[in-house]
Enquirer: 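A single structure is presented below for examination.
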There are 2 protein chains.
Amino acid sequence: MPARKKPETPAKPTVSGKASTINDIARLSGVSKKTVSRIINHSPLVRKDTREKVEALMREVGYSPDPMARGLAFRKSFLIGMVYDNPTAQYIVNMQYGALDAIRDSGFELVVHPCDSRSPNYIDGVRRFAQQQKLHGVMLVPRVSEDQALADMLLEIGCRYVRIAPVAMDDMSRMVVTHDRDGAAEAADYLYMLGHRDIALITGPNNYRSALERTAGFVEGLGRYGLELPKARIVEAGYTFESGVSAAEKLLAGKQRPTAIFTGNDEMAAGVYKVAMRSGISIPQQLSVVGFDDSPLASRLWPSLTSVRRPTRDTGRLAASMLVQPDAMATLSSASVRPHLVIRDSCQPPEN
Amino acid sequence: MPARKKPETPAKPTVSGKASTINDIARLSGVSKKTVSRIINHSPLVRKDTREKVEALMREVGYSPDPMARGLAFRKSFLIGMVYDNPTAQYIVNMQYGALDAIRDSGFELVVHPCDSRSPNYIDGVRRFAQQQKLHGVMLVPRVSEDQALADMLLEIGCRYVRIAPVAMDDMSRMVVTHDRDGAAEAADYLYMLGHRDIALITGPNNYRSALERTAGFVEGLGRYGLELPKARIVEAGYTFESGVSAAEKLLAGKQRPTAIFTGNDEMAAGVYKVAMRSGISIPQQLSVVGFDDSPLASRLWPSLTSVRRPTRDTGRLAASMLVQPDAMATLSSASVRPHLVIRDSCQPPEN
DNA sequence: CTGAAAGCGCTTACAG
DNA sequence: CTGAAAGCGCTTACAG
């Protein structure tokens with residue numbers, strides 16, 4: 001659409017109908033195919049004017065190198081694998097969007113690989129995936145990112161990877177740290193500042209690092225004000241809506257109800273809503289609720305849910321960019337993203 | 001893991017550390033590489049005992065053909081592209097799961113390609129994607145599936161595709177029909193049977209075929225009982241939560257409120273909930289609501305939302321299987337999936 | 001900075 | 001039913 005005009009050689013995507021190859025480019029521009037290859041691979045060993053001449057031609061005929069031919073010669077594909085085990089849909093999709101942001105126009109593509117980490121041979125499944133496709137690298141999303149055996153296997157077969165996790169648990173060149181702890185602490189801060197003193201916590205499963213971190217962050221956050229969370233005010237649930245319902249039933253059953261509940265994710269917060277609604281406990285007047293994720297659900301609920309936002313798309317972008325531009329990694333080497341509280345309508349100071 | 005035992009040649013995944021090739025298999029089994037190739041490609045032109053001998057060896061050494069080498073020779077990759085423009089996260093993810101169900105262990109992989117169909121050159125983007133990756137085929141998800149120009153482009157470059165849409169709009173070998181109309185009719189049926197006579201409809205955007213179909217299905221459904229929907233009871237919205245809020249505000253403002261509302265998707269139903277809640281209109285006592293999608297949101301809302309379920313995962317599975325096994329297509333050639341109503345707690349007979 | 005040769009691991013005609 | 005030759009479109013050493 002812009003500037004360049006060359007009446008004598010009209011720009012068309014193909015020569016004689018079929019896609020052009022490195023040989024066509026070499027012949028038409030009068031250099032060897034090796035030189036064209038160097039240009040494709042951004043080698044510095046090409047004279048500037050040669051490079052420009054050839055690049056102009058490539059644009060003109062709409063040439064782009066065949067990823068399968070390159071992959072065969074490199075013994076490595078231009079595919080990034082995203083490996084995950086059943087997080088929420090919005091989380092998966094945001095992570096994918098982020099990864100795609102990072103690899104756009106880079107020649108890489110994103111291949112999705114959900115798996116079941118409870119299956120005894122899921123690691124073999126990932127191994128086959130990585131080896132057969134000769135993946136350029138894989139993104140490990142929580143909670144598979146927490147599985148050291150998986151990371152060890154990838155290391156062993158020489159497949160690069162990036163782990164996304166709440167805390168550093170690998171070489172920093174292979175980590176994106178999400179600092180869930182800080183987000184939970186911010187929630188604690190907020191509830192304390194509103195005046196809440198009898199606060200409850202619904203945590204995710206203890207075998208999820210994110211659950212442990214969010215719990216620790218929340219407990220520490222309250223601890224900074226000298227407030228201690230009694231055991232009875234902490235209920236472990238399963239990060240699901242249904243488990244949130246069960247946990248909320250326990251916490252809201254007695255007459256000594258907490259005035260605020262923090263949940264390890266929004267799904268469980270929706271469970272709290274359900275129990276509160278049908279018990280006639282009004283949110284936020286009689287009960288304040290804070291979730292974690294800032295999923296779409298948070299704003300769909302009524303009253304809209306105050307929640308800790310995770311910058312999932314940024315996380316995915318960072319992880320994928322570490323895979324496709326390991327050179328730029330100096331600047332990213334302590335890659336991390338931070339959550340923050342998004343305040344909506346589900347909290348207020350406690351009554352009386 | 002089962003039966004076969006061969007003490008003399010222990011099963012190991014690789015010979016001397018590196019992955020084996022078609023040459024290794026040919027040499028070790030004493031046949032030509034062409035014969036091995038035939039076996040890989042399930043050609044019938046191989047004697048049964050030869051086939052079995054070679055397949056045993058392949059299993060033993062853990063051989064699997066290199067998709068990039070195959071792709072280079074075939075001039076076609078083993079990648080399925082999924083092209084979509086911003087549907088809800090759950091819909092995308094379910095579609096992906098379904099597609100992955102269909103291609104599991106087939107040697108194909110799923111590459112995701114979101115795009116912005118409002119962008120003037122998005123078709124070029126898909127073209128580049130399909131041509132550069134030499135895609136085996138692409139799944140077109142609503143609403144890009146409705147864009148005839150996109151389908152025409154794919155036909156022109158010879159890239160096979162399957163369109164997922166509410167109605168047939170292409171050769172049936174390239175269609176999965178979702179029959180949204182039937183689902184909406186079922187919702188109409190249900191509300192009428194409950195006794196509702198003043199019913200409103202919040203539709204999706206008129207440039208979405210799904211919105212037109214759902215509207216038509218609902219209107220027809222009521223029409224079967226001789227009930228006509230007045231113009232003022234139909235409000236067009238944008239399939240979003242916010243647009244659902246606006247539409248509901250219009251419908252619920254006057255003193256002559258409808259006793260039931262059907263919305264074109266769950267997001268807009270959540271908008272109705274919000275307006276009802278804050279206006280003190282109780283669901284289902286004073287207002288019945290039916291959504292469409294049966295998204296997770298439907299069960300998270302309180303009271304839980306009655307909604308038309310779309311078998312999205314089945315849809316994705318069907319579409320992908322039509323791409324990877326066009327031979328089995330005889331049985332699938334009129335491929336379709338049907339929605340059905342899932343009844344929860346958001347409806348009851350109208351008061352008085 | 002540039003090039004000719006060999007090879008990546010497969011498949012496609014073409015013979016037999 | 002099986003095989004030897006050539007080729008898919010690139011890159012990697014190795015020379016210059």
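Naming convention: chains lettered A, B, ... in sequence-line order (proteins, then strands); numbering from 1 in each chain.
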Enquirer: If you only use heavy atoms from C-beta on, which nucleotide in D:dG7, D:dT2, D:dT11 is closest to the side chain of B:L45?
Expert: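 For the B:L45 side chain, the nearest candidate turns out to be D:dT2.
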Enquirer: What's the NZ-P distance between B:K53 and D:dT2, to the nearest Å?
Expert: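 For the pair B:K53 NZ and D:dT2 P, the rounded distance is 9 Å.
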Enquirer: Which residue pairs pass the ring pair (Phe, Tyr, Trp, His ring centres under 6.0 Å) test with at least one member in residues 136-163 of chain A, sequence neighbours excluded?
Expert: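 Those involving residues 136-163 of chain A are A:F108-A:H136.
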Enquirer: Write out the stems for DNA chain D, ordered by first number and formatted as range with range, counting runs of at least 3 consecutive Watson-Crick or G-U wobble pairs under 3.5 Å.
Expert: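 Consecutive-pair runs (3 or more) involving DNA chain D: C:1-3 with D:14-16, C:5-12 with D:5-12, C:14-16 with D:1-3.
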Enquirer: Any salt bridge (charged side-chain N to carboxylate O under 4.0 Å, His left out) pairs touching residues 70-81 of chain B, not counting sequence neighbours?
Expert: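 As it turns out, there is no salt bridge (charged side-chain N to carboxylate O under 4.0 Å, His left out) pair with a partner in residues 70-81 of chain B once direct neighbours are skipped.
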Enquirer: Both A:A69 and B:F74 contact DNA chain C. Taking the nearest nucleotide for each, which residue is further toward the 5' end?
Expert: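 Closest to the 5' end, via its nearest nucleotide, is A:A69.
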Enquirer: Without decimals, in angstroms, what is the distance between B:Q133 CD and D:dC10 P?
Expert: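 That distance rounds to 13 Å.
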Enquirer: Using whole Å, what does the distance between atom P of nucleotide C:dG9 and atom CG of A:D66 come to?
Expert: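 About 17 Å, once rounded to whole Å.
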Enquirer: When the distance from NZ of A:K134 to C1' of D:dC10 is rounded to whole Å, what number comes out?
Expert: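 Distance check: A:K134 NZ to D:dC10 C1' gives 14 Å.
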Enquirer: A:I22 has an atom CD1; how far is it from atom P of D:dC8, in whole Å?
Expert: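 Taking atom P of D:dC8 as the reference, CD1 of A:I22 is at 13 Å.
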Enquirer: Rounded to whole Å, how long is the line connecting atom CZ of A:R70 with atom C1' of C:dG9?
Expert: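 Interatomic distance, CZ of A:R70 to C1' of C:dG9: 18 Å.
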Enquirer: Tell me, which of residues 32-40 of chain B have any heavy atom that sits under 4.0 Å from an atom in DNA chain D?
Expert: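 The answer is B:S32, B:K34, B:T35, B:R38.
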Enquirer: When all nucleic acid strands are considered with a 4.0 Å heavy-atom cut-off, which category describes B:N41: base, sugar-phosphate, or nothing?
Expert: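 Sugar-phosphate, backbone atoms only, no base.
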Enquirer: I want to check one thing: is the phosphate of C:dT2, taken as OP1 and OP2, less than 4.0 Å away from some side-chain N or O of A:T50?
Expert: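 Affirmative; the distance criterion is met.
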Enquirer: Over how many whole Å does the gap from B:R27 atom CZ to D:dT2 atom C1' extend?
Expert: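 In whole Å, D:dT2 C1' and B:R27 CZ are 19 Å from each other.
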Enquirer: Who passes side-chain hydrogen bond (donor to acceptor under 3.5 Å, both in side chains) against A:S145, sequence neighbours left out?
Expert: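 Result, side-chain hydrogen bond (donor to acceptor under 3.5 Å, both in side chains) vs A:S145: none returned.
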Enquirer: Determine which pairs satisfy salt bridge (charged side-chain N to carboxylate O under 4.0 Å, His left out) with at least one residue from residues 92-103 of chain B, sequence neighbours left out, and list them in order.
Expert: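 Output for this query lists B:D101-B:R104, B:D101-B:R313, B:D101-B:R317.
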Enquirer: In Å and rounded to the nearest 0.5 Å, what is the CE to CE distance from A:M68 to B:M68?
Expert: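 Answer rounded to 0.5 Å: 10.0 Å.
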Enquirer: Residues in side chain to side chain contact (heavy atoms under 4.5 Å, CB included) with A:A130, at least two apart?
Expert: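 For A:A130 the side chain to side chain contact (heavy atoms under 4.5 Å, CB included) partners, ignoring immediate neighbours, are A:L135, A:L154, A:I157, A:C159.
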Enquirer: Of the options C:dT2, D:dC10, C:dC10, whose atoms approach the side-chain atoms of B:P65 most closely?
Expert: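 Of all the options, the side chain of B:P65 is nearest to C:dC10.
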Enquirer: Nearest-Å distance, CG (A:N23) to C1' (D:dC8)?
Expert: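 Computing the A:N23:CG to D:dC8:C1' distance gives 11 Å.
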Enquirer: Hey, are the side chains of B:P114 and B:D85 touching, using non-hydrogen atoms and a 4.5 Å cut-off?
Expert: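 Counting from C-beta outward, B:P114 and B:D85 never come under 4.5 Å.
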Enquirer: Suppose the criterion is salt bridge (charged side-chain N to carboxylate O under 4.0 Å, His left out): which pairs have a residue in residues 132-150 of chain B, not counting sequence neighbours?
Expert: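 Only A:D66-B:K134 qualify under salt bridge (charged side-chain N to carboxylate O under 4.0 Å, His left out).
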Enquirer: Going by the salt bridge (charged side-chain N to carboxylate O under 4.0 Å, His left out) test, which pairs reach into residues 108-120 of chain A, not counting sequence neighbours?
Expert: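 Found A:D116-A:R118.
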